[in-house]
Amino acid sequence: MLKDINRKVLKKVNGKAAVDGNGVHLVRVLGNNTAKSFDPILMLDSFDSRDPKDYIGGFPMHPHRGIETITFLKEGKMKHKDSLGNEDVVTGGSVQWMTAGSGIFHEEEIPAADRMLGVQIWLNLPAKEKMTDPEYYNIREEDIPQLDLDGGYLRVISGDYKDIHAFQAKHSPLKFYHLYLEKGKEIILDDITEASLMAFTLQGNVEINSEYIEEKTAVKFSEKGNLEIKAKTDTDILILASEPLKEEIYWGGPVVMDTRRGLEKAFEEMRSGNFIKKKIEY
């Protein structure tokens, strides 16, 4: 039955210009005011600049707890360093996946490039797993399976697509696809069953289920049905499918917990120096 039904567009969000970190210019698309409607996706920041002055300040060392951060780069480079001892470089076409869990400090340096294009997504952790051990993964471009299409491709960053199996998230299972389509090409995605489904037009304009979606727009869809995507220009689209947590959200800066007390405790532990639960073992 679902083969004949398209999901409805419930919400479209264009975002606003913002500055974060050490003077990094970005577009904040999703945040506090969209957290419940896009559950379990908490935040989506979009980066798109050909001027290094917009981003070379990077993000100095800072903490996180209660979330996972997922950074996808289409173009550019990012140098990562964290309190677990990880030091890594994420390049265009690759993805950085960091589980903050019980607490992590990390920094991101952003070297100058011809273009910095990508997103950072915050994925909420379930209440029972907020204090899980932190972890870090670099999903390299060559390790991301790709399905070639007529006039495009679908890269499966995490989860599954038909018989393609990719990186599996441990805590909030997430299907994360990068779809590229040339102008005039189209595709029907009819096998996504997850109730929480969103798309983000990283670059280019599209028509999804007969509704025009311009570049740099996050779209939330109804719970069941297909996605019929038609490219109006050459376009890159990010598609994320998951199940809503439907849990309380207490959000303070880099920390997201499920109770007010949990949030207060996180900041108390930052002040006392007891924030990090898992430390480097030498």
Side-chain angles (χ1 to χ4, degrees), residues 1-16 27-30 34 37-39 41 44-48 50 70 72-75 92-93 95 115 117-121 141 144-166 174-244:
M1 182 175 180
L2 291 182
K3 297 289 183 181
D4 302 320
I5 300 174
N6 285 341
R7 299 195 189 214
K8 295 177 181 175
V9 173
L10 299 179
K11 193 179 187 72
K12 294 192 290 186
V13 182
N14 297 108
K16 297 180 180 178
V27 174
R28 180 141 296 159
V29 184
L30 302 180
T34 59
S37 55
F38 281 79
D39 178 23
I41 305 301
L44 189 152
D45 282 348
S46 174
F47 311 93
D48 190 354
R50 298 181 187 275
I70 305 167
F72 165 81
L73 293 183
K74 170 73 175 180
E75 299 182 42
V95 176
R115 186 182 186 186
L117 176 64
V119 298
Q120 183 170 102
I121 296 162
E141 181 179 22
I144 298 174
Q146 177 174 307
L147 175 64
D148 293 325
L149 307 169
D150 176 24
Y153 54 79
L154 181 75
R155 301 174 69 225
V156 183
I157 294 167
S158 70
D160 307 304
Y161 180 76
K162 298 188 184 296
D163 60 349
I164 297 175
H165 304 282
L174 179 72
K175 290 181 179 177
F176 184 7
Y177 306 149
H178 168 212
L179 173 65
Y180 170 77
L181 288 176
E182 296 174 357
K183 180 180 179 180
K185 299 298 182 178
E186 58 186 83
I187 187 174
I188 296 177
L189 301 179
D190 59 5
D191 63 342
I192 301 176
T193 59
E194 285 76 10
S196 181
L197 178 64
M198 67 160 287
F200 177 68
T201 46
L202 180 65
Q203 58 178 348
N205 306 318
V206 300
E207 185 179 284
I208 304 180
N209 296 350
S210 301
E211 186 151 350
Y212 184 79
I213 312 294
E214 65 182 17
E215 183 175 287
K216 301 292 190 287
T217 302
V219 187
K220 183 63 185 290
F221 300 95
S222 57
E223 291 189 357
K224 297 179 180 180
N226 309 327
L227 287 189
E228 185 176 352
I229 303 172
K230 300 178 181 179
K232 296 300 182 181
T233 64
D234 291 355
T235 185
D236 288 276
I237 308 165
L238 305 181
I239 298 165
L240 297 98
S242 53
E243 297 295 341

- Task: Nearest 0.5 Å please: distance from the CD1 atom of Ile144 over to the OH atom of Tyr177.
- Result: 13.5 Å

- Within 6.0 angstrom of Glu223 CD, more than 12 heavy atoms from elsewhere: no

- Item | Closest contact, heavy atoms only, Pro244 versus Asp39 | CB-OD2, 3.4 Å

- Query: Given Glu214 and Asn205, is the side-chain hydrogen bond (donor to acceptor under 3.5 Å, both in side chains) satisfied, shown in steps?
  - Reply: CA-CA 5 Å; Glu214 65 182 17; Asn205 306 318; over 6 Å; no

- When every non-hydrogen atom of Val27 is compared with those of Gly15, the smallest separation belongs to CG1-C, 4.0 Å

- Item | By ring-ring contact (aromatic ring centres under 6.0 Å, His included) - contacts of Phe72 (at least two apart) | His178

- Message: Quick check against the 3.5 Å criterion: does Ser196 have a side-chain atom that pairs as donor or acceptor with the backbone of Glu243?
- Response: no

- Side-chain contact test, heavy atoms from C-beta onward, threshold under 4.5 Å: evaluate it for Leu202 versus Val119 and give yes or no. yes

- Item | Euclidean distance, Leu73 CG relative to Glu141 CD, rounded to 0.5 Å | 10.5 Å

- Message: With a 4.5 Å cut-off on side-chain heavy atoms, are Leu117 and Phe47 touching?
- Response: no

- Six-ring centre of Tyr180, Lys74 cation under 6.0 angstrom, axis tolerance 45°: yes

- For Lys12, does the NZ atom sit with more than 12 other heavy atoms under 6.0 Å from it, leaving out its own atoms? yes

- Message: Are Ile239 and Leu197 packed together at the side-chain level, in the sense that at least one heavy-atom pair is separated by less than 4.5 angstrom?
- Response: yes

- When rounded to the nearest 0.5 Å, the distance separating CD of Glu186 from CD1 of Ile188 is 7.0 Å

- For residues Ile70 and Val95, report the shortest heavy-atom separation together with the two atoms involved. CG2-CG1, 3.7 Å

- Query: Under a 4.5 Å cut-off applied to non-hydrogen side-chain atoms, are Met198 and Leu30 in contact?
  - Reply: yes

- Test side chain to side chain contact (heavy atoms under 4.5 Å, CB included) applied to Arg115 and Glu75, step by step: CA-CA 6 Å; Arg115 186 182 186 186; Glu75 299 182 42; 3.5 Å; yes

- Report the C-alpha distance between Gln203 and Asp236 in whole Å, list the side-chain angles of each, state the deciding distance to 0.1 Å, and finish with yes or no for side-chain hydrogen bond (donor to acceptor under 3.5 Å, both in side chains). CA-CA 5 Å; Gln203 58 178 348; Asp236 288 276; 2.7 Å; yes

- Query: Salt-bridged, Lys175 to Asp160, with N to O below 4.0 Å?
  - Reply: no

- Dump the intermediate steps for side chain to side chain contact (heavy atoms under 4.5 Å, CB included) on Phe38 and Lys11, then the final yes or no. CA-CA 9 Å; Phe38 281 79; Lys11 193 179 187 72; 3.7 Å; yes

- Query: Say you draw a straight line from OG1 of Thr201 to NZ of Lys216; how long is it, rounded to the nearest 0.5 Å?
  - Reply: 7.5 Å

- Message: Please find the pair of heavy atoms, one from Gly204 and one from Thr233, that lie closest to each other, and give the distance.
- Response: CA-OG1, 3.2 Å

- Message: What's the separation between atom CD in Glu215 and atom OG in Ser46, rounded to the nearest 0.5 Å?
- Response: 8.0 Å

- Do Tyr212 and Lys232 have side-chain heavy atoms sitting under 4.5 Å apart? yes

- Message: Does Ile237 form a side chain to side chain contact (heavy atoms under 4.5 Å, CB included) with Phe200? I'd like the steps, not just the answer.
- Response: CA-CA 6 Å; Ile237 308 165; Phe200 177 68; over 6 Å; no

- Task: Decide yes or no on side chain to side chain contact (heavy atoms under 4.5 Å, CB included) for Asn209 and Arg7, but give the supporting numbers first.
- Result: CA-CA 7 Å; Asn209 296 350; Arg7 299 195 189 214; 4.0 Å; yes

- Give, for atom CG of Leu44 and atom CD1 of Ile121, the distance between the pair rounded to the nearest 0.5 Å. 5.0 Å

- Message: Under a 4.0 Å threshold between the charged nitrogen and the carboxylate oxygen, would Asp234 count as salt-bridged to Lys183?
- Response: no

- Side-chain contact test, heavy atoms from C-beta onward, threshold under 4.5 Å: evaluate it for Val9 versus Ile208 and give yes or no. no

- Report yes if some heavy atom in the side chain of Leu174 is under 4.5 Å from a heavy atom in the side chain of Leu240; otherwise report no. yes

- Identify the two heavy atoms, one from Val13 and one from Thr34, that lie closest to each other, and give their separation to 0.1 Å. CG2-CG2, 4.2 Å

- Closest heavy-atom pair, Ile192 versus Ala241, reported as atoms and distance to 0.1 Å, is CG2-CB, 3.5 Å

- Message: Checking Glu228 against Asn226 for the side-chain hydrogen bond (donor to acceptor under 3.5 Å, both in side chains) test, could you report, in this order, the C-alpha distance in whole Å, the side-chain angles of both residues, the deciding distance, and whether it holds?
- Response: CA-CA 6 Å; Glu228 185 176 352; Asn226 309 327; over 6 Å; no

- Got Lys220 and Ile41 here, is their nearest side-chain heavy-atom distance under 4.5 Å? no

